[in-house]
Amino acid sequence: MATPHCTSQDFAYRGMYIPKDTVVVLNCYTLHHNEERYPDASVFNPDRYLGDDLSCVESAKLANVMERDHWTFGAGRRICPGLPVAERELWLAISRLLWSFTFHALPEEPISLEEYEGLSGRTPMPFKLNVIPRVGSLHSILQNQDEISLTF
Ligand code: HEM
């Protein structure tokens with residue numbers, strides 16, 4: 001779920017009357033489990049974004065909101081203003097982790113995406129991973145890493 005908001009006046013939306021002081025929440029869970037947009041929505045499948053060349057920031061500006069990549073950062077005029085920073089930070093962190101390590105589930109403790117914790121922002125339940133450096137000299141490579149140059 002996105003962050004709850006409160007209506008400041010009475011209004012009607014698609015024939016539904018919504019009085020002042022009603023709590024309204026963008027239901028990201030339902031949007032992200034719409035099988036028409038995300039077939040096998042519960043399956044972790046990054047390949048579903050192959051061919052989508054827009055950044056998350058660009059996608060959030062699409063006139064047709066149903067063409068957006070996802071709604072993790074909310075929608076409308078209260079959309080997360082930290083989106084451009086968060087998108088870059090996530091890219092840096094995840095790409096560096098994947099460059100540095102391989103990640104393996106433990107056979108005796110399979111990862112479950114069925115259960116989550118948290119209220120508005122939800123995360124999978126804690127799980128264990130076997131994380132293996134891709135090269136033996138990884139520690140010294142990371143220690144000597146210069147500034148990273150970014151092109152967006
Ligand atoms: C993965 C990282 C992040 C996620 C998933 C995220 C998600 C969200 C969501 C869902 C909202 C509510 C949007 C809505 O109500 O429609 C929000 C609001 C907000 N976020 Fe983020 N956010 C992230 C990172 C950041 C960062 C890095 C900053 C600041 C540098 C930031 C600052 C804010 C602020 C100030 C709001 C309130 C905006 C308002 O109510 O007008 N967020 N964020």
Side-chain angles (χ1 to χ4, degrees), residues 1-105 110-134 138 142 145-152:
M1 296 289 194
T3 307
H5 295 288
C6 182
T7 54
S8 55
Q9 60 188 52
D10 298 347
F11 73 105
Y13 177 75
R14 295 192 175 182
M16 290 174 287
Y17 171 65
I18 301 176
K20 181 177 182 292
D21 295 331
T22 301
V23 173
V24 281
V25 185
L26 180 68
N27 189 337
C28 295
Y29 183 89
T30 303
L31 285 164
H32 290 153
H33 287 77
N34 178 348
E35 287 285 330
E36 283 181 28
R37 287 181 45 89
Y38 307 103
D40 296 324
S42 296
V43 175
F44 175 68
N45 176 20
D47 285 358
R48 66 177 80 244
Y49 292 104
L50 282 176
D52 178 353
D53 296 328
L54 296 183
S55 68
C56 189
V57 172
E58 291 166 332
S59 188
K61 293 176 190 163
L62 291 176
N64 180 355
V65 72
M66 292 307 285
E67 291 175 358
R68 280 187 57 179
D69 47 5
H70 57 79
W71 286 269
T72 309
F73 293 92
R77 63 183 170 179
R78 302 298 294 272
I79 193 171
C80 176
L83 200 172
V85 177
E87 186 175 28
R88 284 163 171 76
E89 283 181 349
L90 288 169
W91 187 88
L92 277 175
I94 295 171
S95 62
R96 289 202 127 199
L97 284 169
L98 294 176
W99 179 88
S100 304
F101 304 100
T102 58
F103 297 83
H104 307 270
I111 300 166
S112 169
L113 295 180
E114 300 294 319
E115 290 184 71
Y116 289 80
E117 63 181 4
L119 295 172
S120 176
R122 302 176 83 208
T123 54
M125 300 299 284
F127 54 84
K128 289 181 184 166
L129 280 175
N130 192 10
V131 181
I132 302 172
R134 288 184 184 271
L138 181 65
L142 294 180
Q145 182 67 45
D146 288 334
E147 287 283 311
I148 309 161
S149 65
L150 278 180
T151 49
F152 277 98

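Remember, it's 1-based here, ligands and their atoms both numbered in the order they're listed.
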**Item:** Heavy-atom nearest neighbour in the protein, as seen from atom 4 (C) of ligand 1, with distance rounded to 0.1 Å
**Value:** Phe73 CE2, 3.4 Å

**Asked** To the nearest 0.1 Å, how far is atom 30 (C) of ligand 1 from its closest protein heavy atom, and which atom is that?
**Response** Gly82 CA, 4.1 Å

**Message:** Which of the numbered atoms in ligand 1 are under 4.0 angstrom from any heavy atom belonging to Ala86?
**Reply:** 2 (C), 24 (C)

**Request:** Report the C-alpha separation of Met16 and Tyr13 in whole Å, then their side-chain angles, then the decisive distance to 0.1 Å, and conclude whether the side-chain contact (heavy atoms from CB on, under 4.5 Å) test is met.
**Result:** CA-CA 5 Å; Met16 290 174 287; Tyr13 177 75; 3.9 Å; yes

**Prompt:** Measuring from Thr3:OG1 to Leu26:CG, what's the distance to the nearest 0.5 Å?
**Reply:** 9.5 Å

**Item:** Verdict with reasoning, Leu31 to Tyr38, per side-chain contact (heavy atoms from CB on, under 4.5 Å)
**Value:** CA-CA 9 Å; Leu31 285 164; Tyr38 307 103; 5.8 Å; no

**Message:** Students should be able to answer this: which protein heavy-atom is nearest to atom 25 (C) of ligand 1, and at what distance?
**Reply:** Cys80 SG, 3.6 Å

**Request:** Return a yes/no value for Arg77: is any of its N or O atoms, backbone included, closer than 3.5 angstrom to an N or O of ligand 1?
**Result:** no

**Message:** Parallel, tilted or perpendicular, judged at 30° and 60°: which one describes the rings of Tyr29 and His33?
**Reply:** parallel

**Message:** Can you tell me how far apart CG (Asp40) and CZ (Arg48) are? Round to the nearest 0.5 Å.
**Reply:** 7.0 Å

**Side chains of Val131 and Leu97 in contact at under 4.5 Å (non-hydrogen atoms)** = no

**For atom 39 (C) of ligand 1, the protein heavy atom that lies nearest, with its residue and separation** = Arg78 NE, 3.1 Å

**Request:** Among all protein heavy atoms, pick the one closest to atom 12 (C) of ligand 1 and tell me residue, atom and distance.
**Result:** Thr3 OG1, 3.1 Å

**Asked** Do His5 and ligand 1 have an N or O pair less than 3.5 Å apart?
**Response** yes

**ligand 1 versus Ala75: contacting region, heavy-atom distance under 4.0 Å** = backbone

**Prompt:** Which residue and non-hydrogen atom of the protein lie closest to atom 19 (C) of ligand 1, and at what distance in Å?
**Reply:** Pro81 CD, 3.7 Å

**Message:** Does the residue Thr72 have a heavy-atom contact with ligand 1, meaning some pair of atoms that are separated by less than 4.0 Å?
**Reply:** yes

**Message:** side-chain contact (heavy atoms from CB on, under 4.5 Å) for His32 and Trp71? Distances and angles first, verdict last.
**Reply:** CA-CA 8 Å; His32 290 153; Trp71 286 269; 3.9 Å; yes

**Item:** Worked verdict on His70 versus Cys56 for side-chain contact (heavy atoms from CB on, under 4.5 Å)
**Value:** CA-CA 8 Å; His70 57 79; Cys56 189; 3.5 Å; yes

